[in-house]
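Read through the structure below, which is laid out as structure tokens, and then see the notes.
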Protein chains: 2
Amino acid sequence: MTTIKDVAQEAGVSVATVSRLLNDTGVVHPETAARVTAAIQKLSYEPNLLARNFRRSESRVILILCPNITNPYYVHILAGIGDVFNELGYSAVIFNTSDAPEREREALEMLKRHRADGVILMANTLSSQEFKEYADQFPLVQCSEYDPNLQLARVSIDNYLATQEAIEYLVSLGHRRIATISSENNYLSTHLRKQAYLDTLQRYNISLSDEYIKHASYDYSFKSGKMKAKELLTTDPMPTAIFCISDTLALGAVIAAQELGYRVPEDVTVIGFDDVEHTTMFHPFITTVAQPCYELGRHSAELLFTQISHASDYTREVVLPHQLIIRESSAPPLILD
Amino acid sequence: MTTIKDVAQEAGVSVATVSRLLNDTGVVHPETAARVTAAIQKLSYEPNLLARNFRRSESRVILILCPNITNPYYVHILAGIGDVFNELGYSAVIFNTSDAPEREREALEMLKRHRADGVILMANTLSSQEFKEYADQFPLVQCSEYDPNLQLARVSIDNYLATQEAIEYLVSLGHRRIATISSENNYLSTHLRKQAYLDTLQRYNISLSDEYIKHASYDYSFKSGKMKAKELLTTDPMPTAIFCISDTLALGAVIAAQELGYRVPEDVTVIGFDDVEHTTMFHPFITTVAQPCYELGRHSAELLFTQISHASDYTREVVLPHQLIIRESSAPPLILD
DNA sequence: CTGTTAGCGCGTTCAA
DNA sequence: TTGAACGCGCTAACAG
């Protein structure tokens, strides 16, 4: 293994000079620089990052805590984060937490051992108190979900507003019997979307029925969406529109309707959330609230990097724009009450 | 920051003793051990991995080169690799290569700088010669795709045999006009599957038509599958079966058929490859050749770890079993020639 | 503009 | 069974 010492010897200079050239810190005479560069070439020297990172006391690794890599929603966020940090010379380690506090804790503990310089969390299952202890010690950014009790860095869309717009759209179409498929998970986005659904209906004096509110599996599985939709579609009176808090759920609802002999959107309108690829695979293409996933990732990464760089002051809240994308699965109800 | 020195001082022993206890190397008197453990607790000491890794000259990081994280096929492989290495205390860094040689080279160069201890590649775009130079220097495993010119560690299924069985199944159903949607990429699996398709038809004396062989996009996009299927379905005579080398392609083919007013499997049989989740989302559920993705990942990880551990001798080739899963998209042709 | 030198925190001889 | 001491490769004072 060739070290900086070998290069120095070969070039007839001191290690300090080589280091200066390598890191572009301090001035070095052009002629000397040339000799050093030649030596580096000749010995095909590569700096040992293990030593450098140790010396600098930084790992150049960042951690990403993700509840479930399998979920296509997260994939583009991961891509966004990865692109930013790769450019910066950092490695991103993805940790699958499965929403288990132990797993999350285990990952976070790595920060204490200098295994990573910072962390981006897609979801948090720890108590606000425990979570805060980590956030106080290490650079940390919450992406897409966040703890509302804490004033920590976060990047997300405005879930409440986005849902409100979606429901208003349904109302403007003439729908009055509007159901929702929420989730049994505890995410803030889930609560916000449900609350916006309730509030908006109330604002329009539309009566709510508990039977119109279903909760699919915590991970928004297609199967559970299909099952809950079937429950909804066999309710009397049947809803004319179903607002699903994820596209996978919406896909399940569309299939459920078809299996029961209903047409989408003629007999029932279905709208989703996120705008993952599947929404435009089959007809009817699904009307949905799009999230800027890749940008969510990029912004989170940039926010984390400014924290890592010890920027004294950094943005705490980044809210990115959502967009209601009207496609084929929504239409006015055939029968108006 | 509390170091091993602080612990030693607190416990009234030398750093060597603390280190011995920490790493379970050498014997330490129970009473001393207790004192040290107490000191560690009291100071809530955490070993600095930066220093440890530097000293041991290992990064405890492994690299995964993946052409495209977005592809659901890779996700379970990644999960398998991640599970194995997490248990071993390693971090896995996923690198998206987009099948670009520069990106791949860039990632591989990180090994020279001790940024990672080994690498698993899902695909390789470098020349055999250049690739070999890396493989000779560093622990390396090829997962799912591999360079047939080199005798390097690899884990995959038998693509040729799997395809042969799929085609034989179609023949046994009575199909004679069998088309294929391959890909324009250069993967070994693509070649193998196409060759097996050709060879098997020839073995059954079934005439081949160039018009029955289509090449979808390099990344098996749904859209390109749909487009190529439409070309196939407007060919005269129309094929009665389409063998697709990926499930996404098969999904595209099913939709294409439906859009053209054909029923699957009555009018045309479609079979896919990989067995990703989507195959059982919509009816008809898709007949496909299943790959044990998670296990592919696990085996690759284990193989890499034995290499990293300097095991003098390790397995070079691991071939995992595939399985033809017959579902709803395949049936005998209505009209026999 | 360049060289000398002191550690960073840890694991590991070697001697006791 | 334990401790003293060295050095891994690098960066950054500091002196010149």
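Labels below follow one simple rule: chain letters A, B, ... track the order of the sequence lines, proteins then strands, and each chain is numbered from 1. All figures in this text were calculated on a predicted structure; none of them were measured in a lab.
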Rounded to whole Å, please give me the gap between [atom1] in [X] and [atom2] in [N].
X	N	atom1	atom2	value
B:E58	D:dG9	CD	P	15 Å
A:R60	D:dC10	CZ	C1'	14 Å
A:L21	D:dC10	CG	P	14 Å
A:Y45	D:dG9	OH	P	10 Å
A:N53	D:dC10	CG	P	11 Å
A:E46	D:dG9	CD	C1'	15 Å
B:K5	D:dC6	NZ	P	14 Å
B:H114	D:dC8	NE2	P	14 Å

Side-chain touch B:Q307/B:F138, heavy atoms, less than 4.5 angstrom: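 No; the side chains remain at least 4.5 Å from each other.
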pair B:M122-B:C66: side-chain heavy atoms closer than 4.5 Å: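 Contact flag for B:M122/B:C66 side chains = yes.
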Enter the distance from [X]:[atom1] to [Y]:[atom2] here, rounded to the nearest 0.5 Å.
X	Y	atom1	atom2	value
B:L304	B:I81	CG	CD1	9.0 Å
B:N149	B:Y146	CG	OH	11.0 Å
B:R316	B:L303	CZ	CG	9.0 Å
B:I64	B:I77	CD1	CD1	10.0 Å

Heavy atoms only, 4.0 Å cut-off, all strands: where does [X] land among base, sugar-phosphate and nothing?
X	result
B:T3	sugar-phosphate
A:V28	sugar-phosphate
A:N23	sugar-phosphate

Go through [options] for me and flag the one nearest to the [X] side chain.
X	options	answer
A:T32	C:dC1, C:dC10, D:dT1	C:dC1
A:V27	C:dG3, C:dC1, D:dG9	C:dC1
B:R52	D:dG3, C:dC10, C:dG3	C:dC10
A:V13	D:dC10, C:dG3, C:dT2	C:dG3

Full working for side chain to side chain contact (heavy atoms under 4.5 Å, CB included) between A:M110 and A:V119: CA-CA 10 Å; A:M110 293 178 29; A:V119 60; over 6 Å; no
B:E102 vs B:R105, salt bridge (charged side-chain N to carboxylate O under 4.0 Å, His left out): CA-CA, chis, key distance, verdict: CA-CA 5 Å; B:E102 325 81 77; B:R105 208 172 284 125; 5.9 Å; no
Taking OP1 and OP2 of [N], is either one under 4.0 Å from a side-chain nitrogen or oxygen of [X]?
X	N	result
A:N48	D:dC10	no
A:T17	C:dG3	yes
B:R55	C:dG9	no

First of A:A33 and A:V15 reached from the 5' end of DNA chain C, by closest nucleotide: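 Closer to the 5' end of DNA chain C: A:A33.
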Residue mapping more 5' on DNA chain C - nearest nucleotide basis, B:R56 or A:R35: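 First, find each residue's nearest nucleotide; the 5'-ward one identifies A:R35.
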5'-to-3' dot-bracket of DNA chain C (Watson-Crick, G-U; under 3.5 angstrom; crossing pairs as [ ]; | other strand): ||||||||||||||||
Which atom of A:A135 lies closest to which atom of A:L152, heavy atoms considered: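 It is CB-CD1, 3.6 Å.
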Pairwise salt bridge (charged side-chain N to carboxylate O under 4.0 Å, His left out) hits with a residue in residues 31-48 of chain B, at least two apart: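 Counting only pairs at least two positions apart or across chains, the salt bridge (charged side-chain N to carboxylate O under 4.0 Å, His left out) contacts touching residues 31-48 of chain B are A:R113-B:E46, B:E10-B:K42.
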D:dC10 base stacked by A:F54 (centroids within less than 5.5 Å, tilt under 30°):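 A stacking contact does not exist, since A:F54 is not both close and nearly parallel to the base ring of D:dC10.
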Can you name the atoms? Protein N/O to nucleotides 13-16 of chain D N/O, anything below 3.5 Å, with the distance.
none

Other residues, nucleotides, ligands: >12 heavy atoms within 6.0 Å of A:D136 CG: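 Atom CG in A:D136 is packed in, count exceeds 12.
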